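Below is one structure; the comments refer to it alone.
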Amino acid sequence: MSNVNALPLLEPEAAEAVVPCCPPLTERPLSAEEAERTARMFKALGDPVRLRLFSLVASHAGGEACVCDISDVGVSQPTVSHHLKKLKEAGLLTSERRGTWVYYRVEPSVVAAMGQMLTAR
C-alpha cells in the first residue's frame, strides 16, 4: 500500500497580461519608487554597447542568443560580460547556463511594460 497522493493537474493559463512597472507617463506623475525602478531600465539601455547587445539578443531567433553569438560588438569579452550583467541587473535580460555557454533571453514582460509606459492612452 502506498501513501502517495496524486496532485491535481493545472490547466495552462493563457498568456498573462503585462502589468506595467509604471503607469503611462501621461496618466499621472511617477512615484519616487516607480521613477527609480524605471530609470534603472532606461539607464541600462543608455549605453550604446548595451543597447546593441540587447538588440542582438532581442532580434536573435526565438529572442534567445548564446553569448558566443553576440560577443562581437567591438569590445573585449570581459566588457561584454560586464554589460550583459548590467542588462540582467536591470531586469531586461534573463540567462541560463547550458554546459560552458550562457544563453540570454529578452524579458518580454518588462520590455512590454516599458513600451506601455511610453504609450499615450
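Quick caveat: nothing in here was measured; it's all calculated off a predicted structure.
For the side chain to side chain contact (heavy atoms under 4.5 Å, CB included) test, residues two or more places apart in sequence or in another chain that qualify with K88 are L93, S95, Y104. Remark: R97 pairs with no residue by the salt bridge (charged side-chain N to carboxylate O under 4.0 Å, His left out) rule, at least two apart or across chains.
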Q.
Evaluate E36 against K43 for salt bridge (Lys or Arg N to Asp or Glu O under 4.0 Å), listing each step before the verdict.
A. CA-CA 10 Å; E36 189 72 33; K43 184 177 180 181; over 6 Å; no
**Q.** salt bridge (Lys or Arg N to Asp or Glu O under 4.0 Å) evaluation trace for R98 with E64
**A.** CA-CA 13 Å; R98 297 180 197 157; E64 175 182 76; 2.7 Å; yes
Q: With salt bridge (Lys or Arg N to Asp or Glu O under 4.0 Å) as the test, would you mind laying out the steps for E89 and R40 before giving the verdict?
A: CA-CA 9 Å; E89 288 172 351; R40 275 194 302 272; over 6 Å; no
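Pairing each heavy atom of P29 with each of E34, the nearest pair is O-OE1, 4.4 Å. The shortest heavy-atom contact between S71 and C68 is OG-O, 3.9 Å. The heavy-atom pair separating L92 from M41 by the smallest distance is CD1-O, 3.7 Å. In terms of heavy-atom proximity, D72 sits nearest to R52 at O-NH2, 3.9 Å. Nearest heavy atom pair, residue D47 against residue V49, reads OD1-N, 2.8 Å.
Side-chain atoms of T94 and V106, non-hydrogen and from C-beta on, never get closer than 4.5 Å to each other. Taking the side chain as every heavy atom from C-beta outward, L45 and L87 approach each other to under 4.5 Å. Considering only heavy atoms from C-beta on, H82 stays 4.5 Å or farther from Q77 through its side chain.
To the nearest 0.5 angstrom, R37 atom CZ is 9.5 Å from L30 atom CG. One finds the CH2 atom of W101 at 5.5 Å from the SG atom of C66 (value rounded to the nearest 0.5 Å).
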